[in-house]
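Have a look at the structure below before the remarks.
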Amino acid sequence: MDYKDTVHLPKTDFPMKADLPKREPEILKYWDEIDLYGLMRKRNAGKKKFVLHDGPPYANGEIHAGTALNKILKDFIVKSKQMSGYDSPYVPGWDCHGLPIEHKVVSELGEKAKSLSQVEIRRRCRAFALKYVDIHRRGFKRLGVTGDWQNPYLTLSPEYVATIIRCFAEMFEKGYVYKGLKPILWCPDCETALAEAEVEYANHVSPSIYVKFEVVGSIPGLEGQWNFVIWTTTPWTLPANLAIALHPDYEYCAVETPAGNYIMAGVLAPVALETCGIQQYKIIKKFLGKDLEGIRYRHLYDKSRECPIILGEHVTLDTGTGCVHTAPGHGQEDYVVGARYNIAPFSPVDGKGIFTSEAGKYSGLRVFQANDVIVQDLKECGALLHAEKLEHSYPHCWRCGGPLIFRATPQWFVNMDHKDLRQRLIKAVDTVQWLPDWGKERIGGMIAQRPDWCISRQRAWGVPIPVFYRKTDHEVVATKESFEKIAALAASAPDGIDRWFDAPLRDLLPDDLKDQAENLEKETDILDVWFDSGVSHRAVCERHPDLTWPADLYLEGSDQHRGWFQSSIIPAVAIKDAPPYRAVITHGYVVDGEGKKMSKKLGNVIEVPWLMEKYGADIVRLWVASENYRLDIRLSEEIMSRQQDTYRRIRNTFRYMVANLHDFTENDRIEYSELLDIDKWALHQLEILKERIKKGYDSYEFHVVYHAALNFCSVQMSAFYLDVLKDRLYTHAKASVGRRAAQTVLAEILAALVRLLAPMLPYTCEEVWRYLPACMKDVPSVHLTDFPEKKTEHCLAQPVLDTWENLLRIRAVVSKQLEEARRSEMIGSSLQAAVTLRPGDESVENTLNSFRNQLEDIFIVSKCEIQAISQQAAETEEKLLVSVTPAPGRKCIRCWHVRESVGTVQNHPSICHVCAEQLGVSAA
RNA sequence: GGGCCCGUAGCUCAGUUGGUAAGAGCGCACGCCUGAUAAGCGUGAGGUCGGUAGUUCGAUUCUACUCGGGCCCA
């Protein structure tokens with residue numbers, strides 16, 4: 001007789017090899033076919049909402065590890081909420097306007113760009129953005145992220161643009177928006193503003209000059225006439241000089257020289273004086289910068305004018321004199337520090353880089369040509385201490401290559417202090433839950449410090465600032481009706497807002513202003529893209545039927561403390577006086593295996609498409625789950641290879657359970673009371689696992705889920721329970737209570753595990769779902785189920801658990817002895833062994849006795865004998881002595897136990913009495 | 001240079017209000033099994049808790065400095 005046929009080995013088509021890159025797309029197709037997201041919505045309709053509002057990624061380039069991480073984290077949350085009794089919709093979005101796209105489009109057009117109208121450029125930008133929306137969408141779906149991909153929100157959509165315009169209008173009407181001057185990078189050749197991203201740094205030869213400014217009156221503690229000495233490489237900005245900045249905490253000294261009396265930073269004085277050719281000098285007094293605040297000096301050109309010494313932390317002691325020539329109209333820092341002293345930017349330069357009449361005698365000169373003239377004048381009037389040439393890195397235009405200038409231009413701002421906005425924001429920040437909690441301090445500090453928000457850009461690809469100007473006096477004309485007219489225009493067609501750029505002015509005006517068309521002109525600036533995404537809570541959360549305002553959660557990289565979290569809360573508090581989110585989670589950045597940032601330069605970038613091709617989405621997701629995302633997240637081939645190992649372990653655990661349930665039906669379930677002790681232990685372990693994992697999801701600590709799952713599969717299941725179960729599953733009679741009990745428990749564990757891991761491993765769990773016995777599923781996808789409920793009736797009492805803990809300790813001792821026996825070649829498989837246990841105290845003895853008839857199974861040995869308490873055993877650390885001998889008898893060819901009964905069964909000489917019973921043959 | 005954050009075995013993580021010889025899983029090494037088999041089991045070796053100094057009877061846990069790294073500014 002071939003006993004092989006009487007053994008119930010695991011049986012399944014569930015492939016061991018995952019082959020995720022191939023298999024996942026098929027499953028994704030299935031989800032599309034059944035409209036998984038739609039089914040989720042239906043299933044959860046009416047339940048309590050949980051709204052995670054998606055921060056829109058920029059529709060540009062391929063998705064990288066950081067965006068993948070972000071989307072996967074969001075999906076963990078949405079899916080786990082979904083399975084925890086919430087209705088958790090997910091509406092993804094994209095940020096579609098802005099410079100990077102326009103820049104790319106214009107670059108690709110080359111010379112041709114100049115002959116195209118704004119609308120033609122915009123048309124191309126729109127196509128570009130939509131193309132990348134599509135590429136991203138495919139990528140995100142492939143990662144297993146489930147959401148309303150058919151109807152995402154796009155910041156370029158008509159309704160969205162209309163909302164942007166209405167938000168601007170509301171803020172304008174409430175007085176938060178004003179127009180002011182701000183220096184920006186400007187190309188005098190192209191006559192256009194540039195963003196920092198459009199600047200190329202190249203070497204440039206500039207004048208390098210030291211100039212003295214005469215102090216008005218006297219300095220306390222000093223006799224005679226004194227001068228502050230500044231150093232600059234842009235002499236042409238001197239006509240716009242309005243202050244000299246010192247560092248409050250640095251030391252400045254008063255130096256007497258034959259050429260005059262100078263004040264400069266102490267540590268820089270020797271070099272500066274030497275450069276100016278002054279050998280003899282004497283330091284007669286020292287000050288701190290802050291001691292000199294408020295002293296006044298005479299303007300270089302307008303001698304009747306006096307300017308102040310001011311303080312600024314931006315002053316450095318790298319080069320120069322520590323006294324910084326400050327022209328708020330011509331420099332970013334100068335502007336900021338000037339603003340603090342209420343010094344308005346002054347910039348007597350026009351768009352061509354030519355001095356205006358405000359520049360007095362230099363009027364009409366090009367600024368770079370004016371350098372020499374100005375230096376010459378300084379020399380003649382005695383203000384110049386030294387002049388030379390300096391080659392240094394200087395910003396140049398990316399298009400024409402010419403040197404750039406900073407020039408103050410009219411810009412639109414959000415006034416951070418109007419109606420106490422800043423304080424209201426800080427209060428609002430306080431009501432939000434920030435995870436990790438230091439996020440509150442970080443964003444709070446930023447809001448407290450930040451300057452007014454400049455929301456205008458001199459570009460084509462964006463939402464226009466919807467106002468008009470009266471030609472006569474350049475006053476702003478904007479009314480409720482005019483805003484509404486433009487918003488309606490935007491909403492009227494996919495490219496409705498393009499009419500702003502090409503329609504006759506008359507068509508843009510509301511009826512009551514149409515007759516003034518002749519006297520009006522429109523604003524040409526567009527809005528900062530941060531304003532676009534910043535109002536997403538109004539355009540999306542507030543308007544989308546599935547969503548709510550405020551959102552329950554925002555989740556983005558920690559860089560968004562400065563970005564989207566701020567650009568969102570500012571309009572929200574200004575307009576609605578409440579934050580748009582209840583909680584905010586931030587994650588760190590993806591860095592390489594050494595914790596260094598990924599960059600092409602370092603050659604340590606790992607691309608998402610490569611990850612998908614080599615590993616597949618579920619392994620990438622496992623990586624995301626494994627890492628504590630609040631810190632930086634490391635990614636390397638080694639790390640991915642570890643994830644592959646983890647994945648295999650989990651997959652094989654699933655596979656083994658599925659394979660052992662191949663003949664399991666509803667009728668085969670065994671009552672809890674009939675289960676063996678070890679089965680009950682396993683169910684108790686499952687309860688612990690359920691609680692741990694659900695808690696992990698609830699607290700957004702996915703690495704807890706990951707570790708709990710892996711440990712459970714490896715330690716509780718594979719290394720113990722499943723190993724012990726083999727004998728029962730394989731050799732007990734097919735429908736025996738013992739075997740069905742094992743299957744009942746396996747089914748229970750499998751049903752729970754496949755649900756618990758579904759958010760983390762959506763593809764694999766769906767695959768497992770397909771192979772589940774029919775009695776274990778009643779819906780077409782694991783993602784349409786809830787997490788398993790807690791079953792208190794499966795929890796064991798503490799004394800029972802204590803006994804188990806003792807037994808497992810004993811099992812470890814037995815394992816060690818078995819290994820010893822193996823090394824001495826007494827045994828190979830543990831079933832070849834007989835084990836004799838000598839307890840050293842009552843506790844061990846009691847434990848052993850309480851499992852008396854189960855010990856062979858639990859230790860997976862053929863024979864187990866308990867002896868009386870012995871003194872020798874009492875002296876061991878474990879209070880136990882274990883000795884191993886070869887089990888007596890012969891190996892049963894059916895169950896592989898070594899038993900003395902082998903050979904005693906009539907007609908079945910090669911099997912043991914236990915097998916004989918299972919086969920129903922008399923063991924006579 | 002400033003603000004915020006991080007640094008525990010090769011990897012990913014635990015380490016309760018400072019207190020006995022710092023834990024887990026994976027990986028690795030060695031062995032077993034061949035009825036989870038490109039699987040499964042067992043045993044074992046890995047850490048001066050980034051470094052230095054301090055507070056303390058005692059610090060991975062507190063403080064200062066320092067080195068390395070990240071985000072945002074400048």
Side-chain angles (χ1 to χ4, degrees), chain A residues 3-4 7-12 14 16-17 247 312-318 332-333 336 436 438-446 448-450 557-563 566 586-598 622-623 625-628 630-634 636-649 651-660 701 703-704 706-715 718-720 722-727 729-731 811-812 814-823 825 827-832 860 893-896:
Chain A
Y3 297 105
K4 195 105 180 167
V7 158
H8 319 293
L9 296 180
K11 196 169 112 191
T12 183
F14 188 93
M16 177 177 278
K17 190 171 184 316
H247 194 288
E313 310 273 344
H314 65 292
V315 175
T316 66
L317 296 178
D318 310 338
Q332 190 54 44
E333 289 173 327
V336 172
W438 48 259
K440 180 181 286 188
E441 193 187 340
R442 188 164 198 232
I443 192 169
M446 284 174 172
Q449 293 288 318
R450 69 163 297 156
S558 60
D559 55 332
Q560 300 303 333
H561 284 120
R562 173 149 299 268
Q566 261 191 70
T586 55
H587 60 253
Y589 264 60
V590 177
V591 294
D592 74 7
E594 263 73 59
K596 299 237 166 73
K597 81 155 82 180
M598 290 197 168
L622 218 41
W623 160 67
S626 76
E627 302 260 347
N628 180 355
R630 296 174 183 202
L631 315 178
D632 287 329
I633 302 101
R634 295 192 179 205
S636 66
E637 296 210 30
E638 185 189 356
I639 289 169
M640 286 311 293
S641 147
R642 284 298 82 77
Q643 302 317 326
Q644 222 166 6
D645 296 330
T646 301
Y647 178 81
R648 272 196 217 105
R649 171 40 56 106
R651 184 179 179 88
N652 274 320
T653 304
F654 273 132
R655 179 172 181 270
Y656 186 71
M657 293 188 193
V658 167
N660 279 296
E701 292 176 304
H703 61 278
V704 169
Y706 171 93
H707 283 280
L710 179 58
N711 266 298
F712 182 76
C713 289
S714 296
V715 183
S718 199
F720 183 48
L722 298 184
D723 210 24
V724 167
L725 236 44
K726 282 174 188 168
D727 184 57
L729 287 167
Y730 300 173
T731 71
R811 188 175 190 259
V814 171
S815 286
K816 247 174 228 159
Q817 288 309 307
L818 288 173
E819 184 64 17
E820 195 81 349
R822 210 169 274 135
R823 274 188 203 283
E825 295 182 12
I827 59 163
S829 152
S830 58
L831 280 179
Q832 290 172 260
I860 317 183
I893 67 158
R894 183 170 176 277
C895 71
W896 295 354

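Labels below follow one simple rule: chain letters A, B, ... track the order of the sequence lines, proteins then strands, and each chain is numbered from 1.
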Per-nucleotide pairing state of RNA chain B [Watson-Crick or G-U, under 3.5 Å; [ ] pseudoknot-crossing; | other strand]: (((((((..((((.....[...)))).(((((.......))))).....(((((..]....)))))))))))).
Who are the salt bridge (Lys or Arg N to Asp or Glu O under 4.0 Å) partners of A/R651, not counting sequence neighbours? A/E767
Contacts of A/R823 meeting salt bridge (Lys or Arg N to Asp or Glu O under 4.0 Å) (sequence neighbours excluded), chain-then-number -> A/E819
Just how far, in rounded Å, is [atom2] of [N] from [atom1] of [X]?
{"X": "A/K726", "N": "B/U37", "atom1": "NZ", "atom2": "C1'", "answer": "10 Å"}
{"X": "A/D645", "N": "B/C11", "atom1": "CG", "atom2": "C1'", "answer": "10 Å"}
{"X": "A/R651", "N": "B/U37", "atom1": "CZ", "atom2": "P", "answer": "13 Å"}

With sugar-phosphate meaning primed atoms plus P, OP1 and OP2, does A/W623 contact a base, only sugar-phosphate, or nothing at under 4.0 Å between heavy atoms? nothing
For every nucleotide of nucleotides 1-9 of chain B, 5' to 3': is a protein heavy atom under 4.0 Å from its base (B), only from its sugar-phosphate (S), or from neither (-)? --BSSS---
A/H247: side-chain contact (heavy atoms from CB on, under 4.5 Å) partners, not counting sequence neighbours: A/D249, A/Y250, A/Y252, A/E313, A/V315
Write down the distance separating the P atoms in B/U43 and B/G51, rounded off to the nearest Å. 32 Å
Side-chain donor-acceptor distances from residues 588-597 of chain A under 3.5 Å, at least two apart:
from   : atom 1 : to     : atom 2 : distance (Å)
A/Y589 : OH     : A/D559 : OD1    : 3.4
A/Y589 : OH     : A/D559 : OD2    : 2.7
A/D592 : OD1    : A/E594 : N      : 2.7
A/D592 : OD1    : A/G595 : N      : 3.0
A/D592 : OD1    : A/K596 : N      : 2.9
A/D592 : OD2    : A/N604 : ND2    : 2.8

Please state whether the base of B/A36 and the side chain of A/S718 form at least one donor-acceptor pair under 3.5 Å? yes
